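Report on one structure; see the data block that follows.
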Amino acid sequence: MTLSIAKAIYALLAVGWYIIRIPHERRARRTPVSRSARGLQEIILLSISFTGLGLLPFIYVATGFPRFANYPFQPALAWLGALVAIAALILFHLTHRALGRNWSVSLDLRESHRLVTEGVYRYVRHPMYSAFWLWAIAQALLLPNFIAGLSGLVGFGTLYFFRVAQEERLMLDAFGAEYGDYMARTGRVMPRFHA
Ligand code: SAH
C-alpha cells in the first residue's frame, strides 16, 4: 500500500457511500414530511459535517492541500482504514435498507412515519450514525494529514453531539412509550450487552 493507493481507496469508497445514498435521496424528495425539526442549527451542523467528512478530505485527495499538516504515511494504518471503511459502507447500506422511507438527511417525520426497531435497529438506535463514526475513523486511518484526516471526526462529532438528543426528543414526542421502551433496550451507537 502506498499513499496514492490509500487516497484512491478513500475516493472510491466515498463514491460508493454516495451511490448507496442516491436512491434514498430521490425517494425522500417524493415522500411528504409531516413534521420537521429542521432549523438554522441543523443547517449549520450539516454544513460543518459535510466540510469535515467531504470537502476537506476531497481537497486533500485531489490537490495534497494542506501539506504542512502531513505526517508520515503508515501502510498498516491505511490497510486498517480500508477495512473500517468497508465495514462503514456495509452498515450504511443496511441502515438505509431498514429505515426505508422513514429516512431523512435532517430531523423530519414523514407522513405515516413508522418506528423501525428491527434489522440493524434491533440493538442500536442510531446505527446510521455508527456508520458515520466508522467512516470518520477510516478517514483518519487512510489520510496521513492532521487536518484532512481528523476533520471527519471533528465535523461529524459536532453534528452528532448537538443532534442526537434532539432527535431522541423528537422520536419520544412522536412515539411516546414505544420509543421509551426502545431506548431502554438499545444502545445509542453501540449494542448494549447485558450480563
Ligand atoms: N439516527 C438514526 C437515523 C438517522 S436518519 C440512525 O443513526 O440510524 C434521521 C431521521 O431518522 C430522523 O428524521 C428521524 O425522524 C428518523 N429516525 C431515527 N430513528 C428512527 C427509527 N428508529 N425509526 C424510524 N425513524 C427513525
Side-chain angles (χ1 to χ4, degrees), residues 13-38 41-42 45-46 49-50 52-54 80-141 152-153 155-195:
L13 292 173
V15 170
W17 185 268
Y18 187 63
I19 289 174
I20 290 173
R21 179 146 272 184
I22 289 172
H24 300 278
E25 252 162 20
R26 287 220 180 107
R27 186 184 43 209
R29 260 182 255 131
R30 296 193 309 262
T31 312
V33 170
S34 64
R35 188 169 140 203
S36 183
R38 289 187 194 217
Q41 179 179 312
E42 268 293 303
L45 289 177
L46 281 166
S49 182
F50 174 75
L53 284 171
L80 189 61
L83 291 179
V84 175
I86 290 166
L89 278 181
I90 294 170
L91 186 57
F92 194 57
H93 168 68
L94 292 175
T95 55
H96 274 297
R97 200 165 75 179
L99 261 193
R101 67 186 293 288
N102 305 294
W103 172 78
S104 291
V105 73
S106 191
L107 296 180
D108 302 322
L109 286 168
R110 303 274 161 184
E111 255 170 35
S112 37
H113 201 110
R114 186 174 72 82
L115 180 64
V116 175
T117 61
E118 69 283 332
V120 277
Y121 285 83
R122 183 151 180 194
Y123 300 106
V124 178
R125 339 196 246 292
H126 302 290
M128 192 175 289
Y129 298 159
S130 318
F132 273 96
W133 276 121
L134 288 177
W135 183 263
I137 291 168
Q139 179 179 332
L141 290 168
L153 289 167
F156 180 68
T158 309
L159 174 96
Y160 177 80
F161 286 111
F162 280 97
R163 184 195 266 185
V164 76
Q166 216 187 339
E167 179 167 336
E168 294 191 339
R169 268 199 304 276
L170 179 72
M171 301 307 281
L172 272 173
D173 235 36
F175 297 102
E178 196 189 351
Y179 196 73
D181 291 347
Y182 178 56
M183 285 176 87
R185 61 176 194 268
T186 50
R188 258 185 174 157
V189 287
M190 277 195 277
R192 233 178 28 204
F193 295 105
H194 298 278

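Note that the structure is a prediction, hence the values are computed from the model and not measured. Starting from 1, each residue takes its place in the sequence as its number.
- With rounding to the nearest 0.5 Å, the separation of CG in Leu89 from CG in Leu94 is 11.0 Å.
- Every side chain to side chain contact (heavy atoms under 4.5 Å, CB included) that Ala140 has, sequence neighbours left out, goes to Leu150, Leu153.
- Remark: Thr158 pairs with no residue by the side chain to side chain donor-acceptor pair (under 3.5 Å) rule, at least two apart or across chains.
- With sequence neighbours left out, the side chain to side chain contact (heavy atoms under 4.5 Å, CB included) criterion links Tyr18 to Ile22, Glu25.
- Nearest heavy-atom pair across Leu13 and Ala82 is CD1-O, 4.3 Å.
- For His24, the ring pair (Phe, Tyr, Trp, His ring centres under 6.0 Å) test picks out His96, with sequence neighbours left out.
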For residues 171-179, run the donor-acceptor check on the side chains, cut-off 3.5 Å, and write out each pair with its distance to 0.1 Å, sequence neighbours left out.
residue, atom, partner, partner atom, Å
Asp173, OD2, Arg35, NH2, 2.9

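- Between Gly152 and Leu53, the shortest heavy-atom distance links the atoms CA-CD2, 3.7 Å.
- Considering only residues two or more places apart in sequence or on other chains, Arg114 meets the side chain to side chain donor-acceptor pair (under 3.5 Å) condition with Glu118.
- Within the 4.5 Å cutoff, the side chain of Arg110 has heavy atoms near those of the Ser104 side chain.
- With rounding to the nearest 0.5 angstrom, the CG atom of Leu115 is 10.5 Å from the OH atom of Tyr121.
- One finds the OG atom of Ser36 at 8.5 Å from the CG atom of Leu109 (value rounded to the nearest 0.5 Å).
- Contact record, Val33 with Asp108: CG1-CB, 4.0 Å, taken as the closest heavy-atom pair.
- By the side chain to side chain donor-acceptor pair (under 3.5 Å) test, Ser106 pairs with Glu42, sequence neighbours left out.
- Judged purely by atom type and a 3.5 angstrom limit, Ser49 has no side-chain atom pairing as donor or acceptor with the backbone of Leu45.
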Under 3.5 Å, sequence neighbours excluded: what are the donor-acceptor pairs made by side chains of residues 123-139?
residue, atom, partner, partner atom, Å
Arg125, NE, Glu168, OE2, 2.8
Arg125, NH1, Met183, O, 3.4
Arg125, NH1, Thr186, O, 2.9
Arg125, NH1, Thr186, OG1, 3.2
Arg125, NH2, Glu168, OE2, 3.4
His126, NE2, Glu168, OE2, 2.8
Tyr129, OH, Arg163, NH1, 2.8
Tyr129, OH, Glu167, OE1, 2.4
Ser130, OG, His126, O, 3.2
Ser130, OG, Val189, O, 2.8
Trp135, NE1, Tyr10, OH, 3.4
Gln139, OE1, Tyr10, OH, 3.3
Gln139, NE2, Gly52, O, 3.1
Gln139, NE2, Ala148, O, 2.7
Gln139, NE2, Ser151, OG, 3.3

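- Scanning for side chain to side chain contact (heavy atoms under 4.5 Å, CB included) contacts around Val105 gives Arg21, Arg38, Leu46, Trp103, with sequence neighbours left out.
- For Leu141 against Gly81, the heavy-atom pair with the smallest separation is CB-CA, 3.5 Å.
- If you take CZ on Phe156 and CZ on Phe161, they are separated by 9.0 Å, rounding to the nearest 0.5 Å.
- Rounded to the nearest 0.5 Å, atoms OG1 (Thr31) and NE2 (His113) are 11.0 Å apart.
- Scored by the side chain to side chain donor-acceptor pair (under 3.5 Å) test, Glu111 finds no partners at all (sequence neighbours excluded).
- In this structure, Arg27 places its CZ atom where more than 12 heavy-atom neighbours from other residues, nucleotides or ligands lie under 6.0 Å away.
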